[in-house]
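Reviewing the structure listed below.
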Amino acid sequence: MSGNRLENKWNAAKAAEMSEPEKLLYRSNLLGSDKRITNYGGGNTSAKVMHADPLTGQMTQVMWVKGSGGDVGSIKMDGFATLYMDKLRALKGIYRGQDFEDEMVGLLPHCTFNLNPRAASIDTPLHAYVPKKHVDHMHPDAVIAIAASRDSRAMTAQIFGDDIGWLPWKRPGFELGLWLEKFCLENPSAKGVVLESHGLFTWDDDAEMCYKLTLDIIQKAQDWFAAQTAGKPAFGGAVHSSLGAQARRDVAARLMPVIRGQISNLQPMVGHFDDSAAVLEFVNSANMVALAELGTSCPDHFLRTKIKPLVVDFTAAKPDVAATLAGLAAQIAAYRDDYCAYYTRCKRDNSPALRDPNAVVYLVPGVGMITFAKDKATARISGEFYVNAINVMRGASAVSTYVGLPEQEAFDIEYWLLEEAKLARMPKPKSLAGRVALVTGGAGGIGSATAEKYLAEGACVMLADIDEASLAKTAQNLIARYGADVVRTVHMNVTDEAAVIRAFAEAAVEFGGLDILVSNAGIASSAPIENTTLALWQKNMDILSTGYFLVSREGFRLMRAQGMGGSVVFIASKNGLAASPNAAAYCTAKASEIHLARCLALEGAEVGIRVNVVNPDAVLRGSKIWEGDWLEQRSSTYKTDKEGLEDMYRNRSLLKRSVFPEDIAEAAYFFASDLSAKSTGNIINVDAGNKEAFTR
Ligand code: NAD
């Protein structure tokens, strides 16, 4: 456990200006800003506040409490549910007992104050019946380590004395709310309670005091662990050594696509790799296998991570990735069988159907932790949750015996009908959800428009480009709109074989594999044949022809290893079909791309890799090609300037329309998505109509 001090960030002057609900928001955001205080999405906060009833004008007590979903660190005012306290109290009169506690959730909307649309969470009764104005419920690793220890009751008493009580494990719900009330009434001077295998409750009648109390209690737990564990090796000491940093990524890059291919039968999964010090300490330790088998403890940990991880058979001292890969299918199948057996053992008559039986967390000795989920943020957060679990196991196993939740309890939470209802309410996934795309020339006009379209449809995108400054700028723009989880960049020259190989390994380690390759990086050049130097000819061939070959080859290798098919989209050119004056090198190289696509469509079909071509023409806006020499050369060929050229191309087109990068992106999306699942070896011209380029 970290002995670092938690910082009291409360600004009294700032808080003095705030209403009670605003102070609750302030306190919640401060608490959630430190992952040692609570994990992502874990825990909740509340305040009981007097408000005028909108109908009668009479003052009434209203509870503001974090609503269903969301995270206290980033919650905004509209994330809180508001409920009449007198109605919440009245619920106690109609409660039919433990076997019927789930029906109480359906009654919570009847207690809503002021038509607030935010749904109240199942934790609402845990706050309502604590007879104090402010309540914090947090999931600090240091306290969960106590809560998940075999002698957690005695430890709680030893560390906190009479200040903090202890309650045995009970699934959150109405009954636990009543237990908390009973505890408070019987122990009026207690400041909080540790819930076995779950977390911490603290309370006070003042918002600032409640915040301070929460920090003090967590600090006390951290300090206690620091003192108890000083000098002791964690998890029984190390039995494996970590590979070097690059070697760890290299191994992960080879394992992840193969794992992904075997666990994406229900939906394409996205991967996340973590080789932080805390993870390596655990995966290298003597007790890792035994502890991993016990499963995680805090309920929201294993809802994200599944009850236990899969330990990949890899010998860090004698790395043999090929042998590990060869054994993976059997390991993954064994995990699935084990999970199905757990489902069959624990299921009840009305349990929801079996969900995806594959592991979420993969531990690799000497290498790190790989997590997979339906999207990148969920994969990352699942990894963070397992790090929480590691912290808990480190603490608990150092001072006591770590205990996971009893299997049936774990199952009842995982397959809780209320949880199932929440899943059923989730919006339909976007068309490219879970897909990973690599776009070469991703910092350019057409590349960035294509990346944006894919991101908008739910894909993760690796932007690869030779221009580092533009790459950083493009990534910044896309991250601002789609978030940091789904955008990555790699500096790559498509003519450099080693750099291309590295870029695909980066995509594999950052997102878990590859579904869509857009080969787009390019240049344009113009010169009459007599003035075309060998160097100019070679440059076109290198970047366009050879570059497209190199990225396709690596894309094929990765997609084949993954075994999920894929889509390769070439951004070629109208000039690859139709000859154009004074551009022989460019036109010939573009023609070579188109023919390469046809050959690859033949080779890829048997493994479901589709290869198609989009041919743009005259996309002047947003394109860097149309800023340099090419612009001057084309202007001089057609004796006009940039505006004149745009007009000239528009008027030359059959449809008399200009073509924009977004138009090319639409075609690149069609070929990337399942809309074109039955097309390969095809060409779409996006050129506003040009009879020279009609395909036949
Ligand atoms: P752009 O210049 O805006 O983008 C091209 C990107 O490729 C740039 O970011 C550049 O840095 C990158 N790049 C160049 N050489 C590279 C290399 N060796 N390795 C890695 N990256 C490299 O141009 P655009 O208009 O977006 O062009 C994209 C593709 O579309 C090109 O293949 C181009 O030939 C083709 N195309 C464009 C037009 C048009 O009118 N804009 C017409 C037909 C075809």
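Only this structure's heavy atoms are used, side chains among them; waters, hydrogens and symmetry mates stay out. Positions are given from 1, in the same order as the sequence printed here. For ligands, and for the atoms within them, numbers begin at 1 and follow the listed sequence.
- For ligand 1, none of its N or O atoms has an N or O atom of Lys574 under 3.5 Å away.
- Ligand 1 does not have Gly547 within reach: every non-hydrogen atom of the residue lies 4.0 Å or more from it.
- Ligand 1 lies nowhere less than 4.0 angstrom from a heavy atom belonging to Ala524.
- The cationic atom of Arg621 (NZ for Lys, CZ for Arg) does not lie both less than 6.0 Å from the six-membered ring centre of Phe660 and within 45° of the ring axis.
- Contacts of Pro661 with ligand 1, taken as heavy-atom pairs under 4.0 Å, are absent altogether.
- Proximity of a side-chain donor or acceptor of Ser382 to a complementary backbone N or O of Thr371 within less than 3.5 Å is not detected.
- Using bins of under 30°, 30° to 60° and over 60° for the plane-to-plane angle, the ring pair Trp630/Tyr586 lands in the tilted bin.
- Residue Phe570 does not touch ligand 1, judged by heavy-atom distances below 4.0 Å.
- Residues Tyr40 and Phe385 place their aromatic rings such that the two centres sit no closer than 6.0 Å.
- Remark: ligand 1 and Val619 share an N or O pair separated by less than 3.5 Å (distance only, no angle test).
- Taking the side-chain contact (heavy atoms from CB on, under 4.5 Å) definition, one finds that Leu675 meets it with Tyr669, Phe670, Ser673, sequence neighbours left out.
- For NZ of Lys656, the number of neighbouring non-hydrogen atoms (other residues, nucleotides, ligands) closer than 6.0 Å is greater than 12.
- At most 12 heavy atoms of other shown residues, nucleotides or ligands fall within 6.0 angstrom of atom NZ in Lys539.
- Residue-level proximity to ligand 1 for Trp630 is absent, since no heavy atom of it falls below 4.0 angstrom.
- Taking distance alone, with nitrogen or oxygen atoms compared against 3.5 Å, Ile543 stays at or beyond that limit from ligand 1.
- Using a distance-only test at 3.5 Å, with no hydrogens or angles considered, a donor-acceptor pair links the side chain of Asn284 to the main chain of Leu280.
- Counting heavy atoms only, Asp465 comes closest to atom 12 (C) of ligand 1 of the residues Thr474, Asp465, Leu620, Ile523.
- Polar contact with ligand 1: present for Ser623 (N/O pair, distance under 3.5 Å).
- Inclusion of Ile625 in the set of residues having an N or O under 3.5 Å from an N or O of ligand 1 is warranted.
- The distance criterion of under 3.5 Å between nitrogen or oxygen atoms is met by Trp626 with respect to ligand 1.
- The closest non-hydrogen atom to atom 28 (C) of ligand 1, taken over Val494, Asp467, Thr450, Asn520, comes from Asn520.
- Residue-to-ligand polar distances place Lys590 within reach of ligand 1: an N/O pair is separated by less than 3.5 Å.
- Where the criterion is an N or O separation shorter than 3.5 Å, residue side chain and backbone included, Ile446 meets it with respect to ligand 1.
- Listed by chain and residue number, nothing satisfies the ring pair (Phe, Tyr, Trp, His ring centres under 6.0 Å) test with Phe671 (two or more places apart in sequence, or in another chain).
- Counting heavy atoms closer than 4.0 Å to ligand 1, residue Ala572 contributes backbone atoms (N, CA, C, O) but none from C-beta onward.
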